[in-house]
Each structure stands twice: as structure tokens, then as C-alpha cells.
Amino acid sequence: MEEITELLWQAAESRQACRLSLEGEPLPRIIYPYGIAQTSRHHVVLVCWQAGGLTKAGGTEGYRNLQLDKIAEVELMDRHFEKRTDFNTKDSQYKDWVFHI
């Protein structure tokens, strides 16, 4: 998990998109990593914008909280992103941040 956290931090710092696979999912997701936080429910999650790939949200782009311990693989892509202006680190669902952009 330490290696995955380091890759996600590098990607967030350089605003690099990632191809990410979660345990048990048949297809990867394309995400923009915004940070890692502990939620108010005590889960450690990757906070990201999902731009493509497998989703249960009807195929729409949007913010996702993905459980860090369920991430099986992360691959940095040659694609970069801009930080969205609506990203809110003070949202009440986030208790403590490991890091964020």
C-alpha cells in the first residue's frame, strides 16, 4: 500500500492522470488524484475525479472516494489535468488529510 500511496502522491503533485484498478473489478478507471484522506467514518480513501472507465454512477464523470486498501494497481499516464475549482478540502466527510492538492 505504501508504493501505491507514493505513486498517487507523485501523480497528484504533477497533476498526472492515472489508470487505476480496484480489487475484483474487471476494467480499470481513469482518475485524477486529488488526495488521500480519512473520512468521518474512519475509512482511508483516495479522493479523485473519475474521468472514465468502470463506474457504478451511470457512466458519468465525477468525484469518487475509493478505498485505498482496495486499490490493486496504479499506472501513471502521459495525460495531465487541471485542479477543479469546486474541490473542497473542508467538506465534512473528510476528517484528516494525508495529502491533497
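Annotation: Y34 is in aromatic contact with F81 [ring centroid separation under 6.0 Å].
For the pair R79/I30, a side-chain contact is recorded, criterion being any heavy-atom separation below 4.5 Å from C-beta on. For the pair T5 and I36, the minimum side-chain heavy-atom distance is below 4.5 Å. Residues H42 and K95 are in side-chain contact: their nearest non-hydrogen atoms beyond the backbone lie under 4.5 Å apart. Considering only heavy atoms from C-beta on, N65 comes within 4.5 Å of Q93 through its side chain. At a threshold of 4.5 Å between non-hydrogen side-chain atoms, the residues I31 and L46 count as touching.
The minimum heavy-atom distance between A37 and V47, with the atom names listed, is CB-CG2, 4.4 Å. Across all non-hydrogen atoms, the minimal contact from E13 to I101 is N-CG2, 4.5 Å.
Between atom CG of residue L54 and atom CD of residue E25 there is a gap of 4.5 Å, rounded to the nearest 0.5 Å. How far CG of D91 is from OG of S40: 9.0 Å, rounded to the nearest 0.5 Å. Residue D69 holds its CG atom at 5.0 Å from CD of Q67, rounded to the nearest 0.5 Å. In this structure, CG in L68 is found 12.0 Å from CD in Q38, a value given to the nearest 0.5 Å.
In terms of modelled atom types and a separation under 3.5 Å, the side chain of Q50 and the main chain of G52 share a donor-acceptor contact. Of the possible polar contacts, one joining the Y63 side chain to the F87 backbone as a donor-acceptor pair under 3.5 Å is found.
Scored by the ring pair (Phe, Tyr, Trp, His ring centres under 6.0 Å) test, Y94 finds W97 as partners (sequence neighbours excluded).
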Pairs of donor and acceptor atoms involving the side chains of residues 14-22, under 3.5 Å and at least two apart or interchain, shall be tabulated with distances.
from : atom 1 : to  : atom 2 : distance (Å)
S14  : OG     : Q10 : O      : 2.9
S14  : OG     : Q16 : OE1    : 3.0
R15  : NH1    : A12 : O      : 2.9
Q16  : NE2    : M77 : O      : 2.8
R19  : NH1    : E75 : OE1    : 3.2
R19  : NH1    : E75 : OE2    : 3.2

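Cluster annotation: L7 is connected to F99 through the hydrophobic network of ILVMFWY side chains, with a link wherever side-chain heavy atoms come within less than 4.5 Å. V45 and V98 fall into different hydrophobic clusters, defined by Ile, Leu, Val, Met, Phe, Trp and Tyr side-chain heavy atoms under 4.5 Å apart, directly or through other members.
The local environment of CD in E23 is crowded, with over 12 non-hydrogen atoms from other residues, nucleotides or ligands closer than 6.0 Å.
In this structure, R64 is not positioned above the aromatic face of W49 in the sense of NZ or CZ being under 6.0 Å from the six-membered ring centre and within 45° of the axis.
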